[in-house]
Structure formats: structure tokens, C-alpha cells
K.L.:
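Starting off with a structure, shown below.
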Amino acid sequence: MYVAEWIMWLSCLKSDSWFRKNLDEFKNPATPIIQPAYVDSIVEDRARQAAKRFKHARSMGPVYACNDTYLEMRCGGMEDKRGLITLCSSIFLYFLVGMWIDFDAPVLWSVVAEPDGYKAWGIGIVVFSLVTTVGTVVLLWLYYKYALRITRLEALTSRHQLIRFNRITRQVFLHRPPSCGGILVLPWEGVQTEEVAGLSLVMGWYPGDSTDLPFPTLVFIGRQSSRLSDLQSEWEFIRRYMDEGGVPAVEKPRISSQLPLPWPAFTAQFDALGPFLRNSGPVVWLGCLLISPAFVILGLSHWASLLLCWRPRWPRIIREAGQPGKAVPAFTTVEDYPPEVQVQLLANAHRWALRPGRAPENRRRGGR
């Protein structure tokens with residue numbers, strides 16, 4: 001599911017006037033939606049990130065590749081909720097198209113196939129079928145025009161968002177659909193991470209700090225966890241791989257398949273709830289049993305969304321990065337985007353421009 005990534009990308013594209021028009025009624029006027037960044041705070045963040053060292057280094061996965069050249073993992077902000085959009089889209093299309101096939105198609109087929117077919121149904125039913133057919137076509141067109149883009153946040157798109165850490169070129173490659181910002185080539189040096197219980201490991205690059213792009217980039221790496229130690233171990237695993245010698249510096253992780261297998265679709269709902277459920281009493285387990293049909297339906301929808309997607313494929317230059325004699329991919333710049341997107345990104349760059357001094361108390365830097 002790419003909902004979180006889509007929303008973050010829209011926040012980079014939409015103008016200030018759009019934010020004021022659509023979001024002012026939902027926020028406190030004293031608190032801006034996008035917080036500015038301050039130079040002194042960035043210096044502190046860099047020092048804090050450089051000092052991050054943890055005892056354990058273990059990845060919760062999924063890890064798709066781990067060799068002496070690169071480490072590839074899945075990322076995504078709302079994988080535990082994947083399937084909801086596919087379920088809603090399927091219900092809408094099932095009733096719309098299914099009702100037309102059951103009621104209108106037989107009438108219209110008899111009218112077309114038989115010379116006097118309309119007499120068997122009556123003029124009123126034939127006219128009603130024609131009207132409902134036109135209505136069905138209009139609704140399908142509206143769905144294609146406005147709602148298909150929502151369906152494609154988890155179906156008919158790349159199966160997963162991928163992140164690849166290349167220790168030879170010292171780069172990080174991010175694979176996203178074009179509607180969420182596309183493929184990015186980012187530097188390893190200067191990356192920032194946050195460990196928030198209940199989420200995945202959050203990794204970010206920020207304008208004027210770790211990237212020349214005029215907008216921040218955030219990714220949610222691996223599985224969610226309610227234990228802070230799991231997220232710290234995830235970061236330590238990545239750090240040791242990149243900074244301390246690759247595969248020999250870490251415990252070899254279990255390699256997951258990128259095939260649309262059914263069991264990951266059913267277990268994703270419980271990624272962050274695992275520790276909580278293991279320590280819960282019989283009342284909680286009884287409640288889970290009572291709502292288990294909902295878990296099954298969501299798991300089936302999650303699996304269906306995986307089946308309706310294709311495996312993401314990296315560009316050739318990224319696949320060959322780090323191999324002897326091969327080119328090193330250039331870092332992504334704003335010039336790599338289409339002209340109309342460049343205009344939008346540059347028009348909004350002021351939101352993340354660095355301010356001198358220190359951030360006010362209880363205020364965090366933009367995008368974090």
C-alpha cells in the first residue's frame with residue numbers, strides 16, 4: 001500500500017494556497033502543517049545520528065537480497081492495512097458490473113440476437129436496461145477518471161516499495177511508483193533515522209542536509225514493531241552492513257521471496273501486535289477470535305492486491321552499480337523530473353529552506 005508515500009509526495013507538490021484551502025479547518029492556526037528546519041538543529045541531529053550504536057544487529061525483514069555489494073529490503077508505511085482499498089474497489093466493481101451482467105446483459109443480448117427479442121421482455125424493460133447500461137458506463141468512466149488512481153495505490157502497480165543499500169557506491173536506491181515520486185538515488189552519508197514504537201524504522205533525507213533535492217524523502221523500512229529494541233536492531237543491522245564490512249559484519253538474514261505468497265498477507269496485520277498479543281490474557285484472545293472473520297477477509301484482500309501487482313524492476317544502471325567497470329548512478333536531482341513537476345517542487349522549496357539558529361522548543365524540523 002502506497003497511501004503514506006502518496007500523501008507525502010502530494011505534500012511536496014501541492015501549493016500553499018491548496019493547503020490553506022483544504023486543511024486550515026483541521027489544524028490549529030498556531031501550528032503550521034510543515035515545520036521549518038533550523039541550522040543548529042541539523043548539526044545536533046547529525047551528531048546524534050553519528051553516535052547511534054546499539055548492541056544487537058538483527059533485521060526483522062523482509063530482506064530480498066544480501067550480498068557483498070548490496071542489501072535490498074521492503075519498505076512501506078501501511079503494509080499492515082494493505083487490502084482495504086482492494087476490498088472496497090472489488091465490492092464496487094462486483095456490484096456495478098455483476099448487476100449489469102445479471103440483469104441488463106440478457107435483455108440486450110436477446111434484443112440484438114433475436115429479431116423479435118424485445119417482445120419477450122417488453123418495451124419498458126428494454127428501455128430500463130438501456131438506461132441502466134448507460135448509467136453503468138458513466139459510473140465506470142468516473143471510476144477510471146477519478147478513483148482508479150486510488151485503487152492503484154495497492155493494486156495494478158509495483159508489488160512493493162524497495163530500498164537497496166549499495167555499500168560499494170555508498171548510495172541508497174529507492175524504488176517507488178511514479179505517482180509517489182518515482183525511483184530515487186540518494187547518498188548514504190547524512191541519512192537520518194528515527195525509531196518510533198508501533199511503526200517501522202523511519203529513514204529520511206532532508207534538503208540542505210543530506211540531499212540537494214528541494215523536498216524531504218521519508219521511508220518506512222521493514223516490518224512494524226511495538227518494541228523499540230526491534231527498530232534499533234534494524235538500524236544497527238543496516239549500519240553495520242554499510243559501515244563495517246558488508247555480510248561478514250552482520251548475521252546473514254533470512255531471504256524472503258518476492259512472489260505473491262499467501263501467508264505474508266495474513267501475518268502482516270499482526271506485525272506490530274505480536275508482542276502485545278503474546279503478553280495478553282484470555283479476554284483479548286477471545287476478542288481476536290470473535291473478529292477473526294474480518295482478519296481473514298482483510299488477509300484475502302491483501303493477497304489479492306499482491307496478485308494484481310507486478311514485481312518491481314530496477315533500471316539497468318542500478319542493477320549493475322557496484323560491479324567492476326560499471327558506471328556509478330548519479331544522484332537524483334530536481335532536473336530528473338518532468339518540467340511541470342519541477343515547477344511545483346521548486347515553488348514549494350521554501351517550506352524546507354534552512355533557517356538560521358535553533359528551532360523553538362517542542363518544534364521539530366520539516367518533514368520529521
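Numbering of residues begins at 1 and proceeds along the displayed sequence.
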K.L.:
Given side chains that start at C-beta, do those of Gln192 and Arg46 come closer than 4.5 Å, heavy atoms only?
P.N.:
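Sidechains of Arg46 and Gln192: in contact.
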K.L.:
Which heavy atom of Leu231 sits nearest a heavy atom of Met60, and at what distance?
P.N.:
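Shortest heavy-atom separation between Leu231 and Met60 comes out as CD2-CE, 4.0 Å.
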K.L.:
Please answer whether the main-chain N or O of Gly77 pairs with a side-chain N or O of Glu5 as donor and acceptor at a distance below 3.5 Å.
P.N.:
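Checked: pair present.
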K.L.:
Identify the heavy atoms of Gly322 and Asn166 that sit nearest to each other, and give their distance.
P.N.:
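That closest heavy-atom pairing would be N-ND2, 4.1 Å.
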K.L.:
Hey, are the side chains of Met1 and His302 touching, using non-hydrogen atoms and a 4.5 Å cut-off?
P.N.:
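No, too far: nothing below the 4.5 Å cut-off.
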K.L.:
Check the side chains of Trp100 and Thr132 for a donor-acceptor pair under 3.5 angstrom, ignoring hydrogens and angles.
P.N.:
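There is no such pair (donor and acceptor under 3.5 Å, judged by atom type) between the side chains of Thr132 and Trp100.
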K.L.:
Inspect the surroundings of CZ in Arg313 and state if more than 12 heavy atoms from other residues, nucleotides or ligands are less than 6.0 Å away.
P.N.:
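At most 12 heavy atoms, drawn from other residues, nucleotides or ligands, come within 6.0 Å of this atom.
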K.L.:
Taking atom CD as the centre, does Gln323 end up with more than 12 heavy-atom neighbours from other residues, nucleotides or ligands that are less than 6.0 angstrom away?
P.N.:
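Correct, the count exceeds 12.
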K.L.:
Centroid separation under 6.0 Å, is that true for the rings of Trp9 and Phe215?
P.N.:
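So the answer is yes for these two rings.
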K.L.:
Could you measure the distance from the CG atom of Leu298 to the CG atom of Leu87? Nearest 0.5 Å is fine.
P.N.:
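Between atom CG of Leu298 and atom CG of Leu87 there are 7.5 Å.
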K.L.:
Just by modelled atom types, is the Lys14 backbone N or O under 3.5 Å from a matching donor or acceptor in the Asn348 side chain?
P.N.:
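The answer is yes, because a donor-acceptor pair under 3.5 Å joins these two groups.
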K.L.:
Tell me whether Arg164 forms a cation-pi arrangement with Phe173, defined as NZ or CZ under 6.0 Å from the six-membered ring centre and within 45 degrees of its axis.
P.N.:
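The answer is no, since Arg164 fails at least one limit relative to Phe173.
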K.L.:
Quick check on Lys145: does its NZ atom have over 12 non-hydrogen neighbours (other residues, nucleotides or ligands) under 6.0 Å away?
P.N.:
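No.
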K.L.:
Does a side-chain heavy-atom distance below 4.5 Å link Arg152 with Arg149?
P.N.:
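In short, these two side chains do not touch, never coming nearer than 4.5 Å.
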K.L.:
Looking only at atom types and distance, does a side-chain atom of Gln224 sit under 3.5 Å from a main-chain N or O of Asp80, one as donor and one as acceptor?
P.N.:
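Not at all, since once roles are kept as given, no pair shorter than 3.5 Å links the two residues.
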K.L.:
Please check if the number of heavy atoms outside Arg53 that lie under 6.0 Å from its CZ is greater than 12.
P.N.:
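Atom CZ in Arg53 is crowded, with more than 12 foreign heavy atoms closer than 6.0 Å.
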K.L.:
Check the hydrophobic clustering (I, L, V, M, F, W, Y; side-chain heavy atoms under 4.5 Å; chains of links allowed) and say if Leu156 and Leu140 are grouped together.
P.N.:
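Looking at the clustering, Leu140 is in the same group as Leu156.
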K.L.:
Is any side-chain heavy atom of Pro62 less than 4.5 Å from a side-chain heavy atom of Arg223?
P.N.:
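Yes - at least one pair of side-chain heavy atoms lies under 4.5 Å apart.
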K.L.:
State plainly whether the residues Asp243 and Arg167 are in salt-bridge range, i.e. N to O under 4.0 Å.
P.N.:
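Judged by the 4.0 Å cut-off on N to carboxylate O distance, Asp243 and Arg167 do not form a salt bridge.
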K.L.:
More than 12 heavy atoms of other residues, nucleotides or ligands under 6.0 Å from CH2 of Trp109: is that the case?
P.N.:
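Open.
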K.L.:
By ring pair (Phe, Tyr, Trp, His ring centres under 6.0 Å), which residues pair with Tyr143, not counting sequence neighbours?
P.N.:
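Tyr143 satisfies ring pair (Phe, Tyr, Trp, His ring centres under 6.0 Å) with Phe92 only.
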K.L.:
Do the side chain of Arg159 and the main chain of Thr157 share a donor and acceptor less than 3.5 angstrom apart?
P.N.:
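Judged by distance alone, no pair lies under 3.5 Å.
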K.L.:
Can you name the one residue among Ile318, Ile183, Leu184 that meets side chain to side chain contact (heavy atoms under 4.5 Å, CB included) with His175?
P.N.:
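Among Ile318, Ile183, Leu184, the one meeting side chain to side chain contact (heavy atoms under 4.5 Å, CB included) with His175 is Ile183.
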K.L.:
Compare every heavy atom of Glu236 with every heavy atom of Arg240, then report the nearest pair and how far apart it is.
P.N.:
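For Arg240 versus Glu236, the nearest heavy atoms are NE-OE2, 2.8 Å.
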K.L.:
So do the side chains of Tyr337 and Leu345 get within less than 4.5 Å of each other, counting heavy atoms only?
P.N.:
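The answer is yes; the side chains approach within 4.5 Å.
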K.L.:
Can you tell if the side chain of Ser158 reaches within under 4.5 Å of the side chain of Tyr2, non-hydrogen atoms only?
P.N.:
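Yes, close enough: below the 4.5 Å cut-off.
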K.L.:
Taking Arg74 for the side chain and Ser256 for the main chain, is one N or O donor matched with an acceptor at less than 3.5 Å?
P.N.:
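Pair absent, no side-chain N/O of Arg74 close to backbone of Ser256.
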K.L.:
Please examine the side chains of Leu71 and Val250, heavy atoms only from C-beta on, and report whether any two atoms are closer than 4.5 Å.
P.N.:
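Not touching, per the 4.5 Å side-chain cut-off.
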K.L.:
With a 6.0 Å cut-off (strictly less than), is the heavy-atom count around CZ of Arg311, excluding the residue itself, greater than 12?
P.N.:
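It does not: Arg311 CZ has 12 such atoms or fewer within range.
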K.L.:
What is the distance from atom CH2 of Trp141 to atom OG1 of Thr136, rounded to the nearest 0.5 Å?
P.N.:
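Trp141 atom CH2 to Thr136 atom OG1 measures 15.5 Å (nearest 0.5 Å).
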K.L.:
To the nearest 0.5 angstrom, please state how far the CD atom of Glu194 sits from the CG atom of Leu199.
P.N.:
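Between Glu194 CD and Leu199 CG, I get 10.0 Å after rounding to 0.5 Å.
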K.L.:
Kindly say whether Thr86 contributes a backbone atom to a donor-acceptor pair with the side chain of Ser301 at under 3.5 angstrom?
P.N.:
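Not a single qualifying donor-acceptor pair exists.
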K.L.:
Do Gln232 and Lys55 have side-chain heavy atoms sitting under 4.5 Å apart?
P.N.:
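No, side chains not in contact.
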K.L.:
Is it the case that the side chain of Gln49 and the backbone of Thr193 share a donor-acceptor pair, with hydrogens and angles ignored and the cut-off at 3.5 Å?
P.N.:
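A pair under 3.5 Å: yes.
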K.L.:
Rounded to the nearest 0.5 Å, what's the gap from OG1 on Thr69 to CD on Glu320? Could you check?
P.N.:
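Reported value, rounded in 0.5 Å steps: 12.0 Å.
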